[in-house]
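This report refers to the structure that appears directly beneath it.
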Amino acid sequence: MQQSQQLGIKSANEGKQTGEQLNLITASIGDLTRSSSNIAEATEQQSTVANEITQNLHLISQLAKDAESRTERTIYSADELIQLANKIKQQISFFKVK
């Protein structure tokens, strides 16, 4: 009888320890779940930022192409102005008094 009582007490203690360990495991799982959720949220935010960066780089590229085009037109116009200035010089030199 005493042996049965000791086995019962031992079983109760082991059950209690098992319950405590299960509570620790449950708490750890909760921590992992929160960590996973935080990682997922951070990943989503990084993805959003990466998309914004990609859009901004595309815009910068387009603006650079536009600036290049305007620069080419400005150079062309400057060349035309030089040619016109040279023609005007020639025409004015014709009227110079010697």
Side-chain angles (χ1 to χ4, degrees):
M1 176 119 180
Q2 185 180 2
Q3 190 178 14
S4 294
Q5 185 180 8
Q6 287 175 347
L7 284 175
I9 292 171
K10 184 178 177 185
S11 293
N13 287 336
E14 288 177 357
K16 182 179 176 184
Q17 288 176 350
T18 302
E20 291 171 354
Q21 290 174 353
L22 286 173
N23 286 337
L24 290 173
I25 291 171
T26 302
S28 294
I29 290 172
D31 290 343
L32 287 173
T33 301
R34 283 187 290 283
S35 293
S36 293
S37 177
N38 289 339
I39 290 169
E41 185 178 333
T43 301
E44 185 176 331
Q45 289 172 353
Q46 288 176 349
S47 177
T48 299
V49 170
N51 286 337
E52 289 176 8
I53 289 171
T54 299
Q55 290 173 354
N56 288 338
L57 288 174
H58 179 71
L59 178 61
I60 289 169
S61 175
Q62 187 60 45
L63 291 172
K65 287 177 185 177
D66 292 347
E68 179 183 15
S69 176
R70 286 191 298 273
T71 301
E72 288 173 356
R73 287 191 303 249
T74 301
I75 290 170
Y76 178 79
S77 295
D79 286 342
E80 284 186 330
L81 286 173
I82 290 171
Q83 290 174 10
L84 287 173
N86 287 335
K87 285 181 183 179
I88 290 173
K89 271 185 176 178
Q90 287 176 345
Q91 291 173 352
I92 290 175
S93 68
F94 178 77
F95 293 107
K96 281 189 179 175
V97 179
K98 294 186 179 183

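For the numbers below, each heavy atom of this structure counts, side chains included, while hydrogens, waters and symmetry mates do not. Count residues from 1 along the sequence. Remember, predicted model here, so these are calculated numbers, not experimental data.
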Which distance, rounded to the nearest 0.5 Å, do you find between the [atom1] of [X] and the [atom2] of [Y]?
| X | Y | atom1 | atom2 | value |
| --- | --- | --- | --- | --- |
| I53 | I60 | CD1 | CD1 | 10.0 Å |
| E72 | E68 | CD | CD | 5.0 Å |
| T43 | N38 | OG1 | CG | 10.5 Å |
| I25 | Q21 | CD1 | CD | 6.5 Å |

Measure from the side-chain N and O atoms of S37 to the backbone N and O of T33, and report whether any donor-acceptor pair falls under 3.5 Å.
->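 Side chain of S37 to backbone of T33, a donor-acceptor pair under 3.5 Å: no, none is there.
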Answer yes or no: is there a side-chain heavy-atom contact under 4.5 Å between D31 and R34?
->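 Side-chain contact under 4.5 Å: yes.
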Donor-acceptor list for residues 77-84 side chains, cut-off 3.5 Å, not counting sequence neighbours:
| residue | atom | partner | partner atom | Å |
| --- | --- | --- | --- | --- |
| S77 | OG | R73 | O | 3.0 |
| E80 | OE2 | Y76 | OH | 3.0 |

Residues in side chain to side chain donor-acceptor pair (under 3.5 Å) with N51, at least two apart?
->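 N51 satisfies side chain to side chain donor-acceptor pair (under 3.5 Å) with no residue once adjacent residues are dropped.
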Hey, could you give me each pair passing side chain to side chain donor-acceptor pair (under 3.5 Å) that has a residue in residues 52-65? Not counting sequence neighbours.
->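 Qualifying pairs: Q62-D66.
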